[in-house]
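Worksheet: the structure to be examined is printed underneath.
Note that the numbering runs from 1 along the sequence shown for the chain.
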Amino acid sequence: MNNTKFLKVIIILLLFINISTIAFMWFNRPQPKGNIGDFFAKELHFTDKQKEQFAVLRDEHREQRQSLSKENKEKHDAYFNLLKNATVDSVAIKNAISELLKIREKEELGTFIHFQKVRAICDENQKKKFDEIIGEAARMMAPKPPRDGQCPPGGEDGPSPPRP
């Protein structure tokens, strides 16, 4: 009987610790920083017309990125499907990788052109500020590092394969 009481106390204590941990994590979770459009509008003091122009540019860029993302997934699937073959020649592998790199190039070029267009809607004072903050804006748009304990690309064992 004494043993049962002890186990009940331990269970209640563990339950309390779990609830406390969850509550702590809930109340201390990172807050979203907002989107890039809000960042530009705030930092560059966009007029209403500029906000509208930026929204059009943002939507165009988003559509392009979604299209490239779909193409990237398809090319990655084809790349990893090469593993199903008992023998794969190096030319096929290099061609698949080349296709993936072409998509990456399109993504980078599209982002660059997008920022050129954003800068073009700015007045001269805003362009100066744009030049100061573009690095921070680019970091906001960059992919987040993995949070699952894996090494980032180029980590301990060298470069990792392209992400699917």
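- Taking all atoms of both residues into account, the shortest heavy-atom contact from L82 to A96 is CD1-CB, 3.9 Å.
- Within the 4.5 Å cutoff, the side chain of L44 has heavy atoms near those of the I133 side chain.
- We find that E132 and K128 are not joined by a salt bridge, their nearest charged nitrogen and carboxylate oxygen being 4.0 Å or further apart.
- Residues K106 and E71 have side chains in contact (heavy-atom distance under 4.5 Å, counting atoms from C-beta outward).
- Cluster membership check: V118 does not share its hydrophobic cluster with V56, using side-chain heavy-atom separations under 4.5 Å among Ile, Leu, Val, Met, Phe, Trp and Tyr.
- Looking at D77 and K73, a side-chain N of the basic residue comes within less than 4.0 Å of a carboxylate O on the acidic one, giving a salt bridge.
- F24 and F16 sit in two unconnected hydrophobic clusters of ILVMFWY residues. Membership requires side-chain heavy atoms under 4.5 Å apart, directly or through other members.
- When side chains are defined from C-beta on, K117 does not count as touching H61, because their heavy atoms never get closer than 4.5 Å.
- A single hydrophobic cluster is seen to contain both L57 and I134, as judged by linkage of ILVMFWY side chains at heavy-atom distances under 4.5 Å, directly or through other members.
- Note: the hydrophobic cluster containing L101 does not contain L109 (ILVMFWY, side chain heavy atoms under 4.5 Å, direct or indirect links).
- Rounding to the nearest 0.5 Å places CG of L68 at 5.5 Å from CD of Q64.
- Atom CD of E105 has 12 or fewer neighbouring heavy atoms from other residues, nucleotides or ligands inside a 6.0 Å radius.
- Without hydrogens or angle criteria, E63 side chain to E60 main chain gives no donor-acceptor distance under 3.5 Å.
- The line from CD1 of I93 to OG of S98 is 13.5 Å long, rounded to the nearest 0.5 Å.
- The two residues Q50 and I121 have their closest heavy-atom pair at NE2-O, 2.8 Å.
- By the 4.0 Å N-to-carboxylate-O rule, E124 lies close enough to K127 to be salt-bridged with it.
- Relative ring orientation between F54 and F46 is described as tilted, the plane-to-plane angle lying within the 30° to 60° band.
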Next on the checklist: Pair F115, R119 - check side chain to side chain contact (heavy atoms under 4.5 Å, CB included), show working.
Outcome noted: CA-CA 6 Å; F115 281 133; R119 190 175 188 276; over 6 Å; no
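- Taking the six-membered ring for Trp and thresholds of 30 and 60 degrees, H76 and Y79 have ring planes more than 60 degrees apart, a perpendicular arrangement.
- Between atom CG of residue N18 and atom CG of residue L14 there is a gap of 6.5 Å, rounded to the nearest 0.5 Å.
- Taking all atoms of both residues into account, the shortest heavy-atom contact from N85 to V88 is CB-CG2, 3.7 Å.
- Between the OG atom in S69 and the CZ atom in R62 there is a gap of 13.0 Å [rounded to 0.5 Å].
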